[in-house]
Amino acid sequence: MAENMRKILRTDFTLAISGIAGPGGGSEMKPVGTTHIALSGWKRTRTLHHVFLNGQGSREQNRVLAAHFALDALRMEILGFHDTGIPVN
């Protein structure tokens with residue numbers, strides 16, 4: 001999704017977020033808060049997976065945390081932290 005949008009929109013970077021924000025829809029294998037983030041940029045496309053608040057947060061909390069997490073991943077990608085040995089998840 002992120003890779004195709006970057007090509008279609010002709011942008012340098014794109015983010016795509018998908019997951020289970022809640023309050024329903026979660027399961028034992030995929031609890032509420034399960035989030036997948038795709039980041040497509042100049043050098044690579046990568047995906048990140050995270051479970052926010054162990055399924056205990058509200059829909060809004062999960063959405064805000066996912067957005068912050070994605071934007072921080074974008075910030076680290078732009079700054080090139082992946083080339084410095086600093087973990088970027």
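These numbers come from a predicted model, not from an experiment.
Residues Leu71 and Leu15 have side chains in contact (heavy-atom distance under 4.5 Å, counting atoms from C-beta outward).
The local environment of CZ in Arg59 is crowded, with over 12 non-hydrogen atoms from other residues, nucleotides or ligands closer than 6.0 Å. Heavy atoms from other residues, nucleotides or ligands lying under 6.0 Å from CG of Asn54 number 12 at most.
Residues Ala66 and Ile17 share a closest heavy-atom pair of O-CD1, 3.9 Å.
Classified by interplanar angle (parallel below 30°, tilted 30° to 60°, perpendicular above 60°), the ring pair His49/His36 is tilted.
If you take CD on Glu3 and CD1 on Ile8, they are separated by 11.5 Å, rounding to the nearest 0.5 Å. Atom NE2 of His50 sits about 10.0 Å away from atom CG of Asn62, to the nearest 0.5 Å. Put simply, CZ on Phe13 and CD1 on Ile78 are 5.0 Å apart, with the number rounded to the nearest 0.5 Å. Atom CD1 of Ile37 is separated from atom OG1 of Thr47 by 10.0 Å, given to the nearest 0.5 angstrom.
Take His68 and apply the ring pair (Phe, Tyr, Trp, His ring centres under 6.0 Å) test, not counting sequence neighbours, and it matches no residue.
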I would like to know whether Gln56 and Gln61 meet side chain to side chain contact (heavy atoms under 4.5 Å, CB included); could you show each step before the answer? CA-CA 10 Å; Gln56 301 301 309; Gln61 287 171 320; over 6 Å; no

Apply side chain to side chain contact (heavy atoms under 4.5 Å, CB included) to residues Thr35 and Phe69 and explain how you reach the verdict. CA-CA 10 Å; Thr35 305; Phe69 191 81; over 6 Å; no

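A salt bridge links Glu77 to Arg44: at least one charged side-chain nitrogen sits closer than 4.0 Å to a carboxylate oxygen.
Tracing side-chain contacts under 4.5 Å through hydrophobic residues (I, L, V, M, F, W, Y), one reaches Leu48 starting from Leu53; they form part of the same cluster. Placement of Leu74 and Trp42 within a single hydrophobic cluster is found when ILVMFWY residues are connected by side-chain heavy-atom separations under 4.5 Å, directly or transitively.
Here Ile20 is tied into one hydrophobic group with Val32, each link being a pair of ILVMFWY side chains closer than 4.5 Å.
The only option from Thr14, Thr11, Asn4 that meets the side-chain contact (heavy atoms from CB on, under 4.5 Å) definition with Ser40 turns out to be Thr14.
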